[in-house]
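Keep in mind that the numbers below use all heavy atoms, side chains included, and drop hydrogens, waters and symmetry copies. In what follows, residues are counted from 1 in the order of the sequence shown.
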Amino acid sequence: MNIAIIPARGGSKRIPKKNIKNFAGKPLIAYSIEAAKASGVFDKIIVTTDSQEIANTAIELGANVPFIRPANLSDDFSGTRPVTNHAIKHCIEHFYKPEYCCCIYATAPFIEAEYLHQGLNSLKKSKDKAFAFSVTSFAFPVQRALVKQDDGVTPMFPEDINRRSQDVPEAYHDAGQFYWGRTDDYLSKKRIFSEHSIPVILPRHLVQDIDTPEDWLRAELMYKAYIQGLKSDRNS
């Protein structure tokens with residue numbers, strides 16, 4: 001059995017009520033719930049939140065909210081892993097022990113069921129990996145990054161600053177969408193951002209952090225362009 005766990009705290013400060021704010025016509029969290037449902041791989045889709053308003057929205061969208069998250073896991077310093085593990089332990093205590101768990105962020109409007117499938121299948125096929133999570137490539141070689149120094153700039157990696165783009169390895173970053181793991185591995189001390197994980201590579205046009213109002217605007221513009229492109233493809 002598999003469960004999806006969607007953390008959705010109510011205390012967003014930079015974008016008030018971010019998780020249920022209207023994004024391109026529906027609450028932001030709806031995209032994560034709908035993708036989890038469309039994948040067909042989850043026995044339960046659990047939203048863990050400290051907000052009754054978010055809980056009500058999640059239930060209306062077809063998710064389960066079996067508890068209201070305790071305050072000690074709902075402040076600005078609460079990490080995703082403790083929140084996810086709390087939900088896993090609740091599921092084990094009150095329902096059953098799932099074989100695989102997937103933490104899905106509530107702020108992932110570009111998430112697609114096919115990549116959830118890909119992550120689960122990759123993990124099932126692996127004999128020695130504990131997790132599989134979404135990544136995407138940097139648009140520019142990180143080895144040639146610059147940092148501000150006083151009133152000027154300096155290379156972050158001086159030894160690479162003059163290397164050609166094609167001569168440095170491609171670098172990836174966390175795409176902030178989903179994190180598959182075996183239940184026992186989630187509850188262990190194994191780190192996700194480590195050799196224990198399989199990367200699920202997403203195209204860059206399906207990845208956008210939403211932490212600030214500027215991020216939100218950019219994400220909506222990207223989403224509308226993406227949907228328009230899909231409609232054009234279907235009509236061509």
Side-chain angles (χ1 to χ4, degrees), residues 3-39 42 45-65 68-69 73-87 101-116 119 131-136 172-181 192-193 199-227:
I3 62 169
I5 297 170
I6 304 176
R9 191 169 65 93
S12 177
K13 294 181 174 62
R14 287 180 289 185
I15 305 176
K17 297 186 177 182
K18 176 173 69 172
N19 292 310
I20 54 174
K21 180 179 169 68
N22 186 298
F23 181 95
K26 52 190 172 185
L28 184 58
I29 196 174
Y31 297 90
S32 298
I33 294 173
E34 289 172 0
K37 292 167 68 175
S39 72
F42 296 109
I45 300 170
I46 295 174
V47 171
T48 167
T49 182
D50 60 327
S51 163
Q52 190 60 54
E53 187 176 12
I54 292 176
N56 293 341
T57 300
I59 292 169
E60 290 174 3
L61 292 166
N64 297 279
V65 186
I68 294 297
R69 194 196 308 173
L73 290 174
S74 301
D75 60 26
D76 291 340
F77 303 100
S78 299
T80 301
R81 185 76 171 267
V83 169
T84 301
N85 284 1
H86 172 266
C101 304
C102 186
C103 173
I104 301 175
Y105 280 168
T107 54
F110 297 97
I111 191 169
E112 295 188 352
E114 68 172 285
Y115 292 107
L116 289 170
F131 307 101
F133 71 96
S134 57
V135 304
T136 196
Y172 298 86
H173 63 85
D174 176 17
Q177 290 194 3
F178 61 85
Y179 310 81
W180 276 105
I192 293 178
F193 302 128
V200 180
I201 301 174
L202 309 184
R204 288 197 296 267
H205 68 267
L206 292 182
V207 178
Q208 173 61 45
D209 280 343
I210 305 180
D211 294 322
T212 66
E214 182 181 3
D215 293 340
W216 184 284
L217 176 60
R218 178 182 174 85
E220 279 202 310
L221 292 172
M222 287 173 58
Y223 185 81
K224 290 173 183 177
Y226 177 59
I227 294 301

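Scored by the side chain to side chain donor-acceptor pair (under 3.5 Å) test, Thr48 finds Arg69 as partners (sequence neighbours excluded). Annotation: side chain to side chain contact (heavy atoms under 4.5 Å, CB included) contacts of Pro199 (sequence neighbours excluded): Val135. Partners of Phe110 according to the ring pair (Phe, Tyr, Trp, His ring centres under 6.0 Å) rule, which considers only residues two or more places apart in sequence or in another chain, are Tyr223. Every residue meeting the side chain to side chain contact (heavy atoms under 4.5 Å, CB included) condition with Ala38, not counting sequence neighbours, appears here in chain and number order: Ala113. With sequence neighbours excluded, no residue forms a salt bridge (Lys or Arg N to Asp or Glu O under 4.0 Å) with Asp75. Looking at residues two or more places apart in sequence or on another chain, you find a side chain to side chain contact (heavy atoms under 4.5 Å, CB included) between Gln52 and Ala55, Asn56, Ile68. Taking the side chain to side chain donor-acceptor pair (under 3.5 Å) definition, one finds that Asp215 meets it with Thr212, sequence neighbours left out. With sequence neighbours excluded, no residue forms a ring pair (Phe, Tyr, Trp, His ring centres under 6.0 Å) with Tyr172. Judged as a side chain to side chain contact (heavy atoms under 4.5 Å, CB included), and not counting sequence neighbours, the contacts of Ala175 are Ser134, Leu202, Val207. The side chain to side chain donor-acceptor pair (under 3.5 Å) search around Tyr115 returns none, not counting sequence neighbours.
Shown here for Ser51 and Ile54, the closest heavy-atom pair between the two residues is OG-N, 3.1 Å. Here the closest non-hydrogen pair linking Ala8 and Val47 is CB-CG1, 4.2 Å. Among all heavy-atom pairs drawn from Ala4 and Ala36, the shortest one is CB-CB, 4.4 Å. When all heavy atoms of Ala132 and Val200 are compared, the closest pair comes out as CB-CG2, 4.3 Å. The shortest non-hydrogen separation linking Asp50 to Gly10 is OD1-N, 2.8 Å. Scanning both residues, His205 and Met222, for their nearest heavy atoms gives O-CE, 3.7 Å.
Here the NZ atom belonging to Lys26 is positioned 14.0 Å from the OG1 atom belonging to Thr57, to the nearest 0.5 angstrom. The structure places OG of Ser12 at 10.5 Å from CD1 of Ile210, a figure rounded to the nearest 0.5 Å. Ile104 contributes atom CD1, which lies 11.5 Å from atom CD1 of Ile46 (distance to the nearest 0.5 angstrom). In this structure, the separation between CZ on Phe178 and CD1 on Ile111 is 6.5 Å, given to the nearest 0.5 Å. Note that CD1 of Ile3 and SG of Cys101 are 4.0 Å apart. Values are rounded to the nearest 0.5 Å. Expressed to the nearest 0.5 Å, how far CZ of Phe42 lies from CD1 of Ile33 amounts to 12.0 Å.
For the salt bridge (Lys or Arg N to Asp or Glu O under 4.0 Å) condition, no pair includes a residue of residues 216-226, sequence neighbours left out. Within the structure, side chain to side chain donor-acceptor pair (under 3.5 Å) contacts touching residues 15-25 (residues at least two apart or in different chains) are Lys17-Glu53.
The side-chain hydrogen bond (donor to acceptor under 3.5 Å, both in side chains) test with Tyr179 is passed by exactly one of Thr84, Thr80, Asp174: Asp174. A side chain to side chain contact (heavy atoms under 4.5 Å, CB included) with Arg9 is found for exactly one of Val83, Leu73, Asp76, namely Asp76.
Remark: side-chain polar atoms of Gln177 are paired, donor with acceptor, to backbone N or O of Leu206 under 3.5 angstrom.
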